[in-house]
There are 2 protein chains.
Amino acid sequence: MSDLEQQCVEAGLKMTGQRKAILEVLKSSGDHPSVEEVYDRAKRLDSSISIATVYRTLSLLDELNLVTRHEFQEGYSRYELNWDHHHHLVDLETGEVIEFQNDELERLKIKIAKDLGYDLVDHRLELYGKRIKDKSKK
Amino acid sequence: MSDLEQQCVEAGLKMTGQRKAILEVLKSSGDHPSVEEVYDRAKRLDSSISIATVYRTLSLLDELNLVTRHEFQEGYSRYELNWDHHHHLVDLETGEVIEFQNDELERLKIKIAKDLGYDLVDHRLELYGKRIKDKSKK
DNA sequence: ATATGTGCAAAAATTTTGCAATACG
DNA sequence: CGTATTGCAAAATTTTTGCACATAT
């Protein structure tokens with residue numbers, strides 16, 4: 001049983017075929033799939049799965065903090081496994097999502113929260129930018 | 001005509017009574033109202049307004065970058081006027097939203113984007129935390 | 001065994017849209 | 001006046017839910 005499945009079991013969830021399929025999809029997804037996308041991919045592993053189960057499972061995983069629910073500006077949610085901590089830079093011209101990590105930023109966030117009188121529990125940073133054109137190749 | 005209305009007109013929008021009402025609501029809202037809340041508040045100023053107009057107007061204002069659309073984790077959007085730049089710290093126990101600004105953070109974001117090869121166009125940071133209990137008063 | 005989980009279809013909630021009527025510039 | 005804008009109601013989308021049946025522990 002994978003570590004991820006183990007964590008679900010420890011949280012009291014039964015490890016059903018549908019849940020295994022959804023976890024498998026999340027583990028093998030390099031992107032940030034929408035509910036519909038998780039559903040489509042999971043159907044290949046378990047064709048009997050219903051979208052209601054996908055919604056219910058992703059909600060549970062979110063409550064357990066095993067996934068992060070992103071609400072970009074699209075009118076629906078995208079999900080992503082929480083196995084390494086990073087942030088997103090969205091390329092405004094291509095829509096490409098680049099992940100990054102920055103230690104100084106991590107320190108600064110904690111400090112800002114502390115200065116406001118808070119212990120930081122979670123946070124999220126999104127940058128939106130345009131690729132710098134390389135002028136030296138002119 | 002307020003500066004905000006002026007900017008709308010310059011962008012080519014006609015300044016109708018409904019739009020004036022919505023802008024007035026946004027200007028006098030210290031919080032981050034949902035579409036429904038903007039609608040309810042605007043109805044007091046112009047009882048004929050419809051929620052479709054509120055949706056359409058907020059979309060337009062978002063395109064013009066006069067408001068920011070926030071997608072917290074609630075299943076609907078909240079809007080806020082873009083008249084000063086800040087970020088949000090959400091108190092996980094009370095739901096209270098605290099606004100803050102931090103110069104070091106502003107510099108760091110630009111640097112991170114630049115290091116990734118991007119010019120920063122927009123960004124958003126949300127912190128989620130719990131109030132530190134004051135133990136000295138024990 | 002039995003509490004949990006699931007599929008299905010219906011409902012709820014949020015947002016968008018077509019169209020005839022209205023009003024801004 | 002001409003055209004952008006509106007209200008209304010219907011439609012489209014996304015998400016949630018009730019319930020009878022199925023399944024993991």
How would you label the contact of B/I51 with the nucleic acid (heavy atoms, under 4.0 Å): base, sugar-phosphate, or nothing? nothing
Closer to the 5' end of DNA chain C via nearest nucleotide, is it B/V9 or A/S48? A/S48
Which whole-number value in Å describes the distance from A/E5 CD to D/dA24 C1'? 13 Å
How many Å lie between OH on B/Y39 and C1' on D/dC8, as a whole number? 11 Å
Looking at the side chain of A/T16, which of C/dG5, D/dC19, D/dG2 is the nearest nucleotide? C/dG5
Closest nucleotide of DNA chain D for A/M15 versus for B/G75: which of these residues is on the 5' side? B/G75
Which whole-number value in Å describes the distance from B/D46 CG to D/dT6 P? 10 Å
Are A/I22 and A/V9 co-members of a hydrophobic cluster defined by side-chain heavy atoms under 4.5 Å apart? yes
Grab the NZ-P distance between A/K20 and C/dG5 for me, whole Å please. 14 Å
Parallel, tilted or perpendicular: ring planes of A/H88 versus A/H32, cut at 30 and 60 degrees: perpendicular
By nearest-nucleotide position on DNA chain C, the 5'-leaning member of A/I49 and B/R56 is A/I49
Looking at A/Y39, does the NZ or CZ of A/K43 lie under 6.0 angstrom from its six-membered ring centre and within 45 degrees of the ring axis? yes
D/dA24 P sits how many Å from A/Q6 CD, rounded? 17 Å
Under 4.0 Å: is that the gap between some side-chain N or O of A/S77 and OP1 or OP2 of D/dT15? yes
Rounded to the nearest angstrom, tell me the gap between atom CD in A/E63 and atom P in C/dT4. 15 Å
Phosphate-side-chain proximity, A/Y55 and D/dT16, N/O vs OP1/OP2 below 4.0 Å: no
Indicate whether OP1 or OP2 belonging to D/dT6 is found under 4.0 Å from a side-chain N or O atom of B/R19. yes
For B/H87 together with A/H123, are the ring centres under 6.0 Å from each other? no
Separation of atom NZ in A/K14 from atom P in D/dA22, rounded to whole Å: 15 Å
Under 4.0 Å between a side-chain nitrogen and a carboxylate oxygen: does that hold for B/R78 and B/E37? yes
Spacing between A/I22 atom CD1 and C/dG5 atom C1', to the nearest angstrom: 11 Å
Taking for each residue the nucleotide of DNA chain D with the nearest heavy atom, is it A/L13 or B/S50 whose nucleotide lies nearer the 5' end? B/S50
For A/Y76, which contact category applies under a 4.0 Å heavy-atom criterion: base, sugar-phosphate, or nothing? sugar-phosphate
Does a nitrogen or oxygen in the side chain of B/Q18 sit under 4.0 Å from OP1 or OP2 of C/dA23? no
